[in-house]
Amino acid sequence: MTTPLYDTPLPIRAEIGEAQAAAVRHWSAPGTWWTAAERVAIVEEVRRARGADELPPWTAPSSVPGLVGDHHPLPAFAVDVIWRVTNHVTTLTREWYGALVPAALSAGHYVELLSLVAQVNMVDRFADGLGLGRIEVGPAAPGEPTRTTPDGAAVTTHWVPTAPDAAAGWRPAEQAGNTGLEPQPEVPNVLKALSLVPPERNIQMALIGSHYVPGGALSDDIGNDVWSLQRTQMELIGAITSAGNECFY
Amino acid sequence: MLKGAGNGDGGVEHGELLVRLCEAMVGRDQQVLAEVRDEVRSAMGAEVLVDAVGVSALFHLMNRVTNGTGTPLDPMLAQLGPPIAAQFGADSYRSSRDTSVERAEAPGEHRLG
């Protein structure tokens, strides 16, 4: 089986292909806070950071002569965030965040930027992991950012503000329109993290449902198989990857 | 299927191989990645290779989201966390300092707009 995204005989499931295709379309569309052109530039900068010689985490790429051009479409501090999150995910701290937001970036800009960087890292590592060519990002789509903030968004549990309606169900099959869902207070905190920018959270959930556990069954019986993997294998993969990225959560 | 504890697979079928795949995906050595990819495909099949790479890739997203937003531990994870964190050495992660047990500030505090 092949998908239009990848030229390969590998059996990439339709769910994976559809979710990644949605993500890639989303990358080049106008966002909530960033324009489509800026979002495309973010994708390209993630790839530049990943392919570059690694800088120490304390060295901002914008401080290296010649590394970030004078006419770069993104602000220098956004480029610095992209490189830090891409290449030094183990070094993100509350102090680092506090130095950025709100002095350099609004919380909305930061959450959307972080989400995009995380998505590109994911989709590219999927391609790299299988030895496939990375998906090309399309040209910037027309339109303007919506610049909307969910009602009641506030800093409560995370560094970043989150929205109260993030406690609504996260099951991919039920998320159409991101409305009309019964509250599910037990929703994991990781699924609230991007709720300040709902379109980013929706893509995150689609990627989770297609690559990890479908249908919101995170706490299902550990003995169940998921796709072609045993659930124990899946959790081992998650644990080892998280250890490599020094993710305590 | 869980296997007996005490072997190199960590009690998970093909666990050692999957660990090497994940470590290669965290790293930058394309040759190492290509070799372990071939091993997984030979030992476990192409479907498993795709799904295993997909899960690891997804966690590269999730790890960036949680580390970058200060996502606190859920109550269930907080109960399980300390002994598991000690086994992994995760207490030394920078993110452990900022990954509190879930807490809530007073409603309206730092409210936007």
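Here the structure is a predicted model, which means the values were calculated and not measured.
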Practice problem: Could you tell me the separation between the NE2 atom of A/His158 and the OG1 atom of B/Thr71, rounded to the nearest 0.5 Å? | Solution: 3.5 Å
Quiz item: Of all of B/Val53, B/Val65, B/Val36, which one pairs up most often with chain A through heavy atoms under 4.5 Å apart?
Solution: B/Val53
Exercise. Heavy-atom pairs under 4.5 Å with chain A are the metric here; pick the option from B/Gly27, B/Gly15, B/Cys22, B/Gly45 that has the most.
Key: B/Cys22
Quiz item: Looking at A/Gly244, A/Ser242, A/Ala193, which has the largest count of heavy-atom pairs under 4.5 Å with chain B?
Solution: A/Ser242
Quiz item: For the side chain of B/Arg28 and the backbone of A/Arg50, is there at least one donor-acceptor N/O pair under 3.5 Å apart?
Solution: yes
Practice problem: Measure across B/Ser56 and A/Thr241 and return the closest heavy-atom pair with its distance rounded to 0.1 Å. | Solution: OG-OG1, 2.9 Å
Exercise. Supply the atom-to-atom distance A/Leu114 CG to B/Asn67 CG, rounded to the nearest 0.5 angstrom.
Key: 9.5 Å
Quiz item: So what's closer than 4.5 Å to chain A heavy atoms on B/Ala34: side chain, backbone, both or neither?
Solution: neither
Quiz item: Distance from B/Leu18 atom CG to A/Ile240 atom CD1, nearest 0.5 Å?
Solution: 9.5 Å
Quiz item: Using non-hydrogen atoms only, which part of A/Ile237 is less than 4.5 Å away from chain B: side chain, backbone, both, or neither?
Solution: both
Quiz item: Is a side-chain N or O of B/Arg37 found less than 3.5 angstrom from the main chain of A/Gly129, in a donor-acceptor match?
Solution: yes
Quiz item: Tell me, side chain or backbone of A/Leu130 under 4.5 Å from chain B's heavy atoms, or both, or neither?
Solution: both
Practice problem: Kindly indicate, with the supporting measurements, whether the criterion side-chain contact (heavy atoms from CB on, under 4.5 Å) is fulfilled by B/Arg64 and A/Met122. | Solution: CA-CA 10 Å; B/Arg64 283 170 172 77; A/Met122 177 204 158; over 6 Å; no
Exercise. Only one of A/Val89, A/Asn245, A/Thr86, A/Asp124 passes side chain to side chain contact (heavy atoms under 4.5 Å, CB included) with B/His60; say which it is.
Key: A/Asn245
Quiz prompt | Point-to-point distance, once rounded to the nearest 0.5 Å, from CD of A/Glu15 to CG of B/Asp51 | solution = 9.0 Å
Quiz item: Once you round to the nearest 0.5 Å, how far does OG of A/Ser228 lie from CG of B/Leu49?
Solution: 9.0 Å
Quiz item: Looking just at side-chain N and O atoms, do B/Glu13 and A/Gln230 make a donor-acceptor pair shorter than 3.5 Å?
Solution: yes
Quiz prompt | B/Leu58 portion near chain A, given a 4.5 angstrom heavy-atom threshold | solution = both
Quiz item: How many angstroms lie between atom CZ of B/Phe59 and atom CG of A/Asn121, to the nearest 0.5 angstrom?
Solution: 15.5 Å
Quiz item: So what's closer than 4.5 Å to chain B heavy atoms on A/Leu207: side chain, backbone, both or neither?
Solution: both
Quiz item: For A/Gln20, is it the side chain, the backbone, both, or neither that has a heavy atom closer than 4.5 Å to a heavy atom of chain B?
Solution: neither
Quiz item: Side-chain contact, heavy-atom cut-off 4.5 Å: A/His211 with B/Val55?
Solution: no
Practice problem: List the atom of B/Arg41, the atom of A/Leu10, and the distance in Å for their closest heavy-atom pair. | Solution: NH1-CD2, 3.5 Å
Self-check item: 4.5 Å side-chain heavy-atom contact, A/Gln204 and B/Met62
Solution: yes
Practice problem: Go through B/Val26, B/Asn63, B/Val50 and name the one with the most non-hydrogen pairs under 4.5 angstrom from chain A. | Solution: B/Asn63
Quiz item: Any idea which heavy atoms bring B/Pro72 and A/Asn189 closest together, and the distance?
Solution: O-ND2, 3.0 Å
